[in-house]
Amino acid sequence: MSITLSDQDKSTLRTAAYGAVSLMAAATGSPHKAATNAAIALTSATGLVGHVLAAKAKDIDLKGKTVAELADRVLPALATAMKLLGEQAPAEADNFRRTILLAIDAAQVHPDKPSTTAAEMARKITAALDAAGAAAAGQDRPELQKAIQEIVDSGFTGVSLRVHDERGEWAGSAGAAELGGAAKPPTNGYVRIGSNTKTFTATVVLQLVAEGKIELDTPAADYLPEFGLDRRITVRMLLQHTSGVFNFSGEVYDDGTVVRGIPIPYSTTGKEWLDNRFKIYRPQELVELALSKPARFEPGTGWSYSNTNYVLARLLIEKVTGRSLGEEMQRLILGPLGLSDTVVPDASPEIPEPHAHAYYRYEQTTVDVTRQNPSWISTGGDMISTTQDLHTFISALVGGKLLPAPLLTEMCTPHPTGIPNMDYGLGVFVVNTDGGGTLISHNGAAVGHAALMYSTPDGSKTLTAALNCVDDADLSIATAFQNAQQKLVNEVFRGGQADPAQPAN
């Protein structure tokens, strides 16, 4: 496709590109070296973008401005550049985006000591590029808009979807942010991400393994002697769900027997949970309750999904570091990746704005449960995030930016679960598609909210989604949730072909 750029258009591209370099240089603490590295990266551009950026021009006036003033000029320029390229030549828009991202990476001159300020600036620059790219590409992805509308039609109140693939980024939403409301869910609103929390937590444990503070095959009891854990249970077994430890939120055995744990929103304890949804549970009491029940199997002899494993992992992190999980998460993941919209809430019932609302129905009454104390599930599923932050996290994780290669391999090594086409690594599901592909995934539900997170093993294609619904004690939405996962995975990773869905968790 031919493309004609005016002198003003070319000036916008140069201002956006070299302005992004200036912003990153200001954020790194080593401005001269960062600017030099990033400018060299810009010269690697090819095609029309390379020609424009290589031209010597006097139309770039970025001197003498504060960082805030610079950001006010450069971030809109990035969006404008992506829009004008996307409208005329999408391939050049992708070229421009790749070039800027290369420059951002080059500007981070101390990758072994990541700067929170630099990571946050990189996130803002990337968001400016992607927001414009998504807007430009939106009309080209009607199949994605149709898929999320069909999920709403199946019973969900609202859905927000974000996809990164060879065509760039697409983000959209369907349905309603509130029951009876006209406004759609925000495309990057906050959502309770449920068991996606486990992937974040497992990553922190493995980062501490890399630092020499934890050993995967050491008995967990060596780190947490106060609980009297079976010494055959290793740290690896906690992350892998092979410890056999009772699930404090209750167990359903193969013969149909149900053993209750704490009051949960499902089954016969729904009304009790609803009436006490602001009650504070401490992690220690959840573990103690679980250990008062018989183990599901001998350590290492089976697989069973248990939230208790990840509360023990949280306590282990806090014991070996002397800091809270939130502090370690900030040090090792949230800060380095600039995930400013991801929250470790502990016992706070609040969720930041904007967000879609979560609901719970008991008998004939529907209650807004957007505010709820997540300490009842703790590290089994208490975190809050956005589809953008989930994308940034999973793509960085599988892309090797958070873990050394050997530990990433261990994390993604599948262990049999008994679930068809789906095994479990260390905090991630390893999904085998009918087409012979593999996805690294987790998902989670959190009473009226749910979140999906999928990536190809190389991070080149990701799907993240946030859903809001009316939940109930009978898990009436469960089938629709399974179908929603299958529909989105089919559409994004298999071009609409059928494939099994990951079970809700």
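Sequence positions, counted from 1, serve as the residue numbers for this chain.
Contact between P374 and P345 at its shortest, heavy atoms only, is CG-CG, 3.8 Å.
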### Message
Walk me through whether R123 and E120 qualify under salt bridge (charged side-chain N to carboxylate O under 4.0 Å, His left out).
### Response
CA-CA 5 Å; R123 189 190 69 80; E120 175 64 13; 3.1 Å; yes

### Task
Go through the steps for N247 and K293 under the test side-chain hydrogen bond (donor to acceptor under 3.5 Å, both in side chains), then give the verdict.
CA-CA 9 Å; N247 187 355; K293 307 285 187 179; over 6 Å; no

### Step-by-step side chain to side chain contact (heavy atoms under 4.5 Å, CB included) determination, V367 to Y362
CA-CA 8 Å; V367 179; Y362 187 80; over 6 Å; no

#### Entry: From CA spacing to verdict: side chain to side chain contact (heavy atoms under 4.5 Å, CB included), V430, I440
CA-CA 5 Å; V430 182; I440 304 301; 4.3 Å; yes

### Step-by-step side-chain hydrogen bond (donor to acceptor under 3.5 Å, both in side chains) determination, D368 to T370
CA-CA 6 Å; D368 188 323; T370 310; 2.6 Å; yes

### Message
Please determine whether side chain to side chain contact (heavy atoms under 4.5 Å, CB included) holds for the pair L229 and L291, giving the CA-CA distance in whole Å, both sets of side-chain angles, and the decisive distance to 0.1 Å.
### Response
CA-CA 8 Å; L229 292 168; L291 296 179; 3.9 Å; yes

### Message
Assess the residue pair T218 and E215 against the criterion (side-chain hydrogen bond (donor to acceptor under 3.5 Å, both in side chains)); give the C-alpha distance rounded to whole Å, side-chain angles, the decisive distance to 0.1 Å, and a yes or no.
### Response
CA-CA 5 Å; T218 291; E215 293 183 2; 3.1 Å; yes

### Task
Please step through side chain to side chain contact (heavy atoms under 4.5 Å, CB included) for the pair H449 and Q372, ending with a clear verdict.
CA-CA 11 Å; H449 273 176; Q372 55 176 275; over 6 Å; no

### Query
For D341 and T386, what are the C-alpha separation, side-chain angles and deciding distance, and is it a side-chain hydrogen bond (donor to acceptor under 3.5 Å, both in side chains)?
CA-CA 7 Å; D341 292 331; T386 64; 4.6 Å; no

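With salt bridges taken as basic N to acidic carboxylate O contacts below 4.0 Å, one links D472 and R361. Salt bridge present: R314 and E318 bring a charged side-chain N and a carboxylate O closer than 4.0 Å. Taking the charged nitrogens against the carboxylate oxygens, E327 and R331 have no contact shorter than 4.0 Å, which rules out a salt bridge. Using a cutoff of 4.0 Å between basic side-chain nitrogens and carboxylate oxygens, K146 and E491 are not scored as salt-bridged. The pair K213-E328 does not meet the salt-bridge criterion, since no charged nitrogen lies less than 4.0 angstrom from a carboxylate oxygen.
The neighbour count for K401 NZ, taken as heavy atoms of other residues, nucleotides or ligands under 6.0 Å away, does not exceed 12.
Residue L129 forms a side-chain contact (heavy atoms from CB on, under 4.5 Å) with just one option from E169, R98, R97, K124, and that option is R97. With W273 as the fixed residue, the ring-ring contact (aromatic ring centres under 6.0 Å, His included) test singles out one of F278, Y360, Y266: Y360. For the side-chain contact (heavy atoms from CB on, under 4.5 Å) with L426, the qualifying choice from L238, V205, L216 is L216, the only one to do so.
Side-chain polar atoms of T464 and T387 form no donor-acceptor pair below 3.5 angstrom. Between D474 and S476, the side chains place no donor N or O within less than 3.5 Å of an acceptor N or O (distance only, hydrogens not considered).
Within the 4.5 Å cutoff, side-chain heavy atoms of I280 are placed close to those of R282.
A search for ring-ring contact (aromatic ring centres under 6.0 Å, His included) contacts involving F200 returns F393, not counting sequence neighbours.
For S160 (side chain) and P186 (main-chain N/O), a donor-acceptor pair under 3.5 Å exists by modelled atom type.
In this structure, Y305 and F429 have parallel ring planes: the angle between them is below the 30° cut-off, well short of the 60° mark.
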